[in-house]
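Step one of this worksheet: look at the structure below.
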Amino acid sequence: METPKDLVGLGRDELAAEMKAMGAEPFRARQLWHWIYNRGVTDTALMTTLSKSFRAELAQRYRVGRPGVARALTSVDGTRKWLLRFDDGQEAECVHIPEEDRGTLCVSSQVGCTLTCKFCHTGTQRLVRNLSAAEIVGQVMLARDALGEWPSPQDDRQLTNIVLMGMGEPLYNYDNVAKALKIVMDGEGLSLSRRKITLSTSGVVPMIGRCGAELGVNLAISLHAVTDELRDVLVPLNKKYPLAELLDACRSYPGSSNARRITFEYVMLKGVNDSPAEARALVRLLAGIPAKVNLIPFNPWPGAPFERSSETSIKAFSDIVNAAGYSSPVRTPRGEDIMAACGQLKSDSVKRRKSDLLKEPATAPV
Ligand code: SAH
Ligand code: SF4
């Protein structure tokens with residue numbers, strides 16, 4: 001039997017069109033939207049504002065889906081990672097990072113990534129495909145399920161922020177990412193403000209302006225080097241869109257201001273990009289951009305050709321950037337014991353031997 005069509009991931013217009021095709025009144029689409037995205041209900045039988053016969057008809061034609069979970073791990077620091085398995089068997093990862101005053105969900109946009117940044121585990125994965133809008137929104141809904149956050153609460157949320165910093169390059173899958181984020185930002189549904197959403201890109205220059213104008217989310221740029229020579233090696237996309245073009249796109253990013261700064265991510269690689277001279281060059285590069293810098297100590301993965309910079313050199317780098325007036329916090333690695341930290345995501349569970357799985361520390365199935 002064919003799997004019924006998933007209602008999750010349909011935009012408001014599409015949902016309205018489905019209801020129209022069923023001969024339902026237009027306000028049904030709005031009610032359904034509320035049940036799906038505000039209440040988190042997956043069983044149409046429980047949608048009690050709809051008539052029984054209508055619920056039965058919905059159940060026949062549609063489903064309200066979630067991504068499958070192949071594995072769920074919890075770190076000693078409370079970070080949770082879900083290895084998602086989609087209908088075609090492809091996998092991606094999603095991570096929830098609880099902090100004192102907020103909780104951030106790190107969402108994937110692709111299975112794997114076609115870009116091959118030298119320090120990134122995801123970039124070594126062979127299989128790549130775009131995630132659909134349903135698979136992207138589904139990550140947020142799955143996290144809400146796991147955190148027990150339905151109906152969409154306004155206060156005291158454990159899921160307050162979203163970062164598109166999981167697997168994949170979101171601006172290479174712009175249409176689906178945009179569709180998913182519009183659903184996530186809808187005030188009658190999941191209701192997360194664009195100010196709480198950050199999209200990270202390795203520098204797909206032609207899409208940056210559109211992202212700002214259409215979505216208005218916060219922008220993060222994976223910079224990692226201050227010369228084209230080094231960035232060409234670390235982030236090969238730089239050969240296509242070199243630093244000058246990338247920084248120009250940042251200068252004209254719609255909506256950026258001193259109150260809403262662009263984040264520049266900078267992975268600290270020992271002896272590669274972590275000298276005081278590079279910190280000073282970074283400050284010069286950022287002139288004229290409302291910026292903040294996020295220093296990410298390199299997170300190792302099996303076979304990685306880099307080492308993490310020493311604490312002393314990270315501190316010295318950060319001090320120089322700070323002294324120039326840019327905030328430059330060092331990102332504390334989270335969920336390292338479950339390989340959930342930045343750049344450690346890779347969905348290769350199929351290839352892993354059982355003996356490896358048994359060795360894994362701190363696992364706690366949900
Ligand atoms: N593809 C997008 C989104 C991924 S974001 C991008 O590259 O921006 C993940 C962030 O973690 C990026 O800044 C990425 O460069 C960084 N990163 C990748 N591998 C890392 C590693 N091993 N250690 C620390 N940070 C890493
Ligand atoms: Fe892809 Fe980002 Fe990893 Fe580069 S850092 S390979 S763009 S996921």
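Residue numbers start at 1 and run along the sequence shown. These figures come from a predicted structure and were not determined experimentally. Remember, it's 1-based here, ligands and their atoms both numbered in the order they're listed.
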Protein heavy-atom partner closest to [atom] - residue, atom, separation in Å:
| atom | answer |
| --- | --- |
| atom 21 (C) of ligand 1 | Cys342 O, 3.3 Å |
| atom 7 (O) of ligand 1 | Ser222 OG, 3.4 Å |
| atom 19 (N) of ligand 1 | Gly343 CA, 3.0 Å |
| atom 23 (N) of ligand 1 | Asn299 N, 2.9 Å |
| atom 1 (Fe) of ligand 2 | Cys113 SG, 2.3 Å |

message: Counting only nitrogen or oxygen atoms and a 3.5 angstrom limit, does Phe119 reach ligand 1?
response: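 Looking only at distances, the answer is yes, because the N/O contact criterion of under 3.5 Å is met.
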If you measure from the Lys or Arg side-chain nitrogens to the Asp or Glu carboxylate oxygens, is any gap between [X] and [Y] under 4.0 Å?
| X | Y | answer |
| --- | --- | --- |
| Glu265 | Arg331 | yes |
| Arg129 | Glu135 | yes |
| Asp77 | Arg334 | yes |
| Lys315 | Asp319 | yes |
| Glu18 | Arg61 | no |

query: Relative to the heavy atoms of Leu115, which atoms of ligand 2 are at a distance of less than 4.0 Å?
result: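 With Leu115 as reference, the close atoms of ligand 2 come out as 6 (S), 7 (S).
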task: Could you list which atoms of ligand 2 come closer than 4.0 Å to a heavy atom of Ser202?
output: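 So the answer, numbered in order with elements, is 7 (S).
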Proximity to ligand 1 by part of Thr201, non-hydrogen separation under 4.0 Å: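 Only the backbone of Thr201 comes within reach of ligand 1.
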message: A cation-pi test, strictly: NZ or CZ of Arg39 under 6.0 Å from the centre of the six-membered ring of Trp150 and no more than 45 degrees from its axis. Yes or no?
response: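 No, Arg39 and Trp150 do not form such a contact.
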message: With the threshold set at under 4.0 angstrom, would you say Phe306 reaches ligand 1 through any of its heavy atoms?
response: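 No heavy atom of Phe306 comes that close to ligand 1.
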query: Would Ala220 count as a contact of ligand 1 if the rule is a heavy atom under 4.0 Å away?
result: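 Flag not set, Ala220 not near ligand 1.
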- request: Could you check which of Cys106, Ser108, Gly168 puts a non-hydrogen atom nearest to atom 1 (N) of ligand 1?
  value: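 Among Cys106, Ser108, Gly168, the closest heavy atom to atom 1 (N) of ligand 1 belongs to Gly168.
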query: From Cys120, does some N, O or S atom reach closer than 2.8 Å to atom 4 (Fe) of ligand 2?
result: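 Coordinating: no.
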Under 4.0 Å to a heavy atom of [X] - the qualifying atoms of ligand 1, by number:
| X | result |
| --- | --- |
| Glu265 | 10 (C), 12 (C), 13 (O) |
| His224 | 13 (O), 14 (C), 15 (O) |
| Glu169 | 1 (N), 2 (C) |

task: Could you tell me whether atom 5 (S) of ligand 2 has at least one protein heavy atom nearer than 4.0 Å?
output: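 Under the 4.0 Å cut-off, atom 5 (S) of ligand 2 does have protein heavy-atom neighbours.
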